[in-house]
Amino acid sequence: MDLLLWITVGFIVIGFVVLVSMKKSMESRVTLIIENEKNIENEQVSNKPVIWWIKGTTVWGLVSMFLIVWSFSVYM
């Protein structure tokens with residue numbers, strides 16, 4: 001197998017495992033933010049990790065799609 005295929009599969013699998021493992025933590029953090037919506041000015045609960053998780057998930061998805069399309073163009 002070619003290196004591009006291994007990179008593509010590895011990136012998708014490792015990224016998916018990381019995202020799934022962080023999902024429960026982010027869900028509980030969002031629940032906590034919603035419950036403490038009025039105290040957001042006090043900086044007790046930060047929403048920055050959730051925003052970074054969403055941005056990271058989006059970038060992972062875009063890079064995965066690019067790698068899949070690139071793999072198809074190389075192997076077809």
Side-chain angles (χ1 to χ4, degrees):
M1 287 193 175
D2 197 39
L3 182 63
L4 176 63
L5 183 62
W6 283 110
I7 291 172
T8 303
V9 170
F11 182 79
I12 292 171
V13 169
I14 291 170
F16 187 74
V17 168
V18 168
L19 290 175
V20 168
S21 68
M22 293 179 68
K23 180 180 179 276
K24 196 68 153 176
S25 169
M26 290 300 140
E27 286 176 346
S28 63
R29 189 176 290 263
V30 168
T31 304
L32 187 63
I33 290 171
I34 290 172
E35 289 174 357
N36 295 329
E37 192 172 315
K38 296 177 184 175
N39 295 334
I40 204 73
E41 297 88 21
N42 297 338
E43 297 291 327
Q44 290 178 353
V45 180
S46 177
N47 58 358
K48 288 183 183 179
V50 177
I51 293 170
W52 278 107
W53 186 74
I54 292 170
K55 286 181 182 179
T57 303
T58 304
V59 169
W60 171 77
L62 292 173
V63 172
S64 296
M65 287 188 279
F66 172 75
L67 286 172
I68 289 171
V69 169
W70 190 19
S71 295
F72 276 124
S73 69
V74 168
Y75 295 116
M76 293 292 171

Partners of Phe66 by ring-ring contact (aromatic ring centres under 6.0 Å, His included), sequence neighbours excluded?
-> Trp70
Please tabulate, one pair per line, all N/O donor-acceptor pairs under 3.5 Å involving side-chain atoms of residues 57-65, not counting sequence neighbours.
from	atom 1	to	atom 2	distance (Å)
Thr57	OG1	Trp53	O	2.7
Thr58	OG1	Ile54	O	2.9
Trp60	NE1	Phe11	O	3.4
Ser64	OG	Trp60	O	2.8

Pairs flagged by salt bridge (Lys or Arg N to Asp or Glu O under 4.0 Å) wherever residues 45-67 is involved - sequence neighbours left out = none
Identify whether Tyr75 and Val69 are in the same connected component of the hydrophobic contact network (ILVMFWY, side-chain heavy atoms under 4.5 Å).
-> no
Shortest non-hydrogen contact from Val74 to Leu4?
-> CG2-CD2, 3.8 Å
Following the transitive rule for hydrophobic clusters with a side-chain heavy-atom cut-off under 4.5 Å over Ile, Leu, Val, Met, Phe, Trp and Tyr, establish whether Ile51 and Ile33 coincide in one cluster.
-> no
Exceeds 12 heavy-atom contacts within 6.0 angstrom, atom CD1 of Ile14 | no
Say you draw a straight line from CD1 of Ile7 to CG of Asp2; how long is it, rounded to the nearest 0.5 Å?
-> 8.5 Å
Side-chain donor-acceptor contacts of residues 16-26 below 3.5 Å, not counting sequence neighbours, with atom names and distances?
from	atom 1	to	atom 2	distance (Å)
Ser21	OG	Val17	O	3.2
Ser21	OG	Val18	O	2.8
Lys23	NZ	Glu27	OE2	2.7

Report whether Ile12 and Phe72 are members of the same hydrophobic cluster (ILVMFWY, side-chain heavy atoms less than 4.5 Å apart, transitive linking).
-> yes
